[in-house]
2 protein chains.
Amino acid sequence: MDGMPVSDLSPAAQDYLKLIWSATEWSATPVTIGVMAERLGVRPSTVSDGIKKLARQGLVAHAPYGSIELTDAGREHAVAMVRRHRLLETFLVDVLGYGWDEVHDEAEVLEHAVSDKLIGRLDRKLGHPTRDPHGDPIPAPDGKPHAPEGTQLSAAAAGGTVAITRISDADPQMLRYFTQLGLAPDTRLTVREHRPYADVTTIRLHGPDRDIDLGASASDAIWVVAV
Amino acid sequence: MDGMPVSDLSPAAQDYLKLIWSATEWSATPVTIGVMAERLGVRPSTVSDGIKKLARQGLVAHAPYGSIELTDAGREHAVAMVRRHRLLETFLVDVLGYGWDEVHDEAEVLEHAVSDKLIGRLDRKLGHPTRDPHGDPIPAPDGKPHAPEGTQLSAAAAGGTVAITRISDADPQMLRYFTQLGLAPDTRLTVREHRPYADVTTIRLHGPDRDIDLGASASDAIWVVAV
DNA sequence: GCCAAATGTTAGGCTTAACGAACAATAATG
DNA sequence: CATTATTGTTCGTTAAGCCTAACATTTGGC
C-alpha cells in the first residue's frame, strides 16, 4: 500500500514522523506544533510549514489550528524510523561497546544514513532483538508494535517490588545520572513512598539496598513492571 | 593548525576534498573541474562554485582556470574522510557480511554520518586494519599514508607471477565481474601477454589455472605486486 | 600563431529547511 | 463574555547546493 521506502523522505520529514509517533507511544497527549518545535529545537513557524507539506503528501492529518495525527502511510514510515533508531542503539551498545547513555545522538544521525539492507543485516547480526538498550521495544520489520508493558514509576503503587522495563532515552544527561545511581533496565527495586507535593518518589534499590529520592521528571522517565 | 573536526564540513565539501585526494592517490593526473564534475555526477558550474568556496576556506589552492590542489589543512580533512570510508567498508564486509562489491555506495553515505568516536570504536573492533576489502590502505588516525605498493596490472611485466594487492572500488559493476572470475585481493596469477593495439592483457589464474582476457579499464583497475 | 573546440566561470533561478515579524485563531481569566 | 495571553499561520529572507544559459579563457590543430 505504498512502495515508497522510508529512505525517500527528507531527513526533516523522517524526524517529524518519528517524533509524532514517539510522542504517542507512552502517553496519549495530543501532539501540537509547539511541542514538536520545542523537541526538534526549531521555531513553530518551521514546523507549521513542514506539517503542511507532510499533510499534502498524505502522511499526516492536520487541519489548521488542529492537532496532528499520522495517517496509515505516515505511521508506517514513522515506525520504520523508530526501528532504525532502536536497532542502531542496540548495535552501538552490544557491538561497539558504547554506554547506553551515549547512543541516542549518534543513532539520531545514523538513522537517516543507513539503508534498509544495512538495517536487515544489523538485525540478523544482533539476533533479532526485541528491546533496545533503554528497554524500548524494537518494532518488527512489518511494523508490528511488540506491545509495551509496565507503568511509569511515578504511578507505581507504593510498597510494591518492581523491575525496570524501560527508561526514556530523551535526556542523555539524566541517563548518565541513572547510571551513577545503578538504575538500568532489569534493575529491581521497591517503591517506598510518593510524597505528592514535594513530587518526590523514594525507592529502595535491591542488592546495594540503597534508598534514592527521585523527582517527577526522573520517576516519569522510568517504567516498571511488578515482579 | 586547525581544531576543526572533519564533521564540521558540509557533506558536499567532504566529498570534494576526498575526491581530490583520491584522484592523486594512484596517479599524478592533475585534478580538474571537469573530472570532478563527472565523478560527482554534477555540473561543472556547481563544482566551480564549490571549489571557490573551499579556496576561500583555505582548504584547496586554486587560481581561476588553474588546476586544483589540497592545502595541508584540506589534505588532513580529505585523509580523515578516506579513513572513514575504508574503515566503514571493512566493517560492512567483516562484521555485517556484505560482499566486497556492495559496500562502496553504502560507505559513501555513512561516511558523512558517523562521528569520530564511532570511527575510533570501529577501528578497535576491527583490530586496527591497514587494508580495506579492496586492498586499499586505510590511513592511520594521524593521516600517515600506509605506503601503497604494487603497479597496475596493465603495466606489469609479461611472464611474471604476481599477487593482487588492490582493486579500484570505483565501479561496483566491474567488481561483480571480477568476483565472478575469481579475482580478488591476494589472488595469484601469471601475466601471459599484453596485446597493445587490442588493449588486452591475458592472465592465467593460479589454482583453477584459467586464462582470462582483460580490457584496458579492467587491467588498470587491478594492482599487483611480484611474488 | 590564429581560430575553433574544449574547458571553466559567472549570473540568475529553483528547492529545501531554516528564521523573524506580522497576523489569525483559540484558550484562559477575570 | 470580553479581553488578554497563548498558540499557530503566513510571508518575506537567507544559505546551500544544485541547475541552465551566457560568457570567458585555454588549448590544440592546422
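Proteins get letters first, then strands, A, B, ... in listed order; numbering begins at 1 in each. Note that the structure is predicted; figures quoted are calculated from it, not measured. Reckoned from all heavy atoms, side chains included, excluding hydrogens, waters and symmetry mates.
- In this structure, CZ of A/Arg43 is placed 18 Å from C1' of C/dC23, rounded to the nearest angstrom.
- Between B/Lys53 and D/dA15 there is no side-chain N or O to OP1 or OP2 distance below 4.0 Å.
- When side chains are defined from C-beta on, A/Pro129 counts as touching A/Leu87, because their heavy atoms get closer than 4.5 Å.
- Here D/dC18 presents its P atom at 8 Å from CG of B/Leu40, a figure rounded to the nearest Å.
- Test A/Asp123, A/Asp136, A/Asp142, A/Asp132 against A/Arg83 for salt bridge (Lys or Arg N to Asp or Glu O under 4.0 Å) and you get one pass: A/Asp123.
- Comparing D/dG17, D/dT10, D/dA24 against the side chain of A/Ser45 picks out D/dT10 as the nearest.
- Using a 4.5 Å heavy-atom threshold, the side chains of B/Thr202 and B/Ile212 count as separate.
- The nearest whole Å value for the distance from the CD atom in B/Glu38 to the C1' atom in C/dT7 is 14 Å.
- We find that CE of B/Met36 is positioned 15 Å from C1' of D/dC18, with the value rounded to whole Å.
- Mapped onto DNA chain C by nearest heavy atom, A/Tyr16 and B/Thr32 fall at different nucleotides, with B/Thr32 at the one closer to the 5' end.
- Applying the 6.0 Å contact sphere to CD of B/Glu193 captures more than 12 heavy atoms from other residues, nucleotides or ligands.
- In this structure, B/Ile68 atom CD1 and C/dG8 atom P are separated by 8 Å, rounded to whole Å.
- Contact annotation: B/Tyr65 side-chain N/O to C/dT10 OP1/OP2 distance is not under 4.0 Å.
- Dashed line: the shortest gap from a side-chain N or O of B/Thr46 to OP1 or OP2 of D/dC18 is not under 4.0 Å.
- Atom pair A/Gln57:CD and C/dT15:P shows a separation of 15 Å (rounding to whole Å applied).
- With ring centers used as reference points, B/His104 lies 6.0 Å or more from B/His134.
- For A/Asp49, whose side chain is taken as the heavy atoms from C-beta onward, the closest listed nucleotide among D/dC18, D/dT9, D/dC11 is D/dC11.
- Atom CD1 in A/Ile33 sits about 19 Å away from atom P in C/dA24, given to the nearest Å.
- Here the C1' atom of nucleotide D/dT7 and the CD1 atom of A/Ile51 are 15 Å apart, to the nearest Å.
- Phosphate proximity of C/dG8 to B/Lys52: absent, as no side-chain N or O sits under 4.0 Å from OP1 or OP2.
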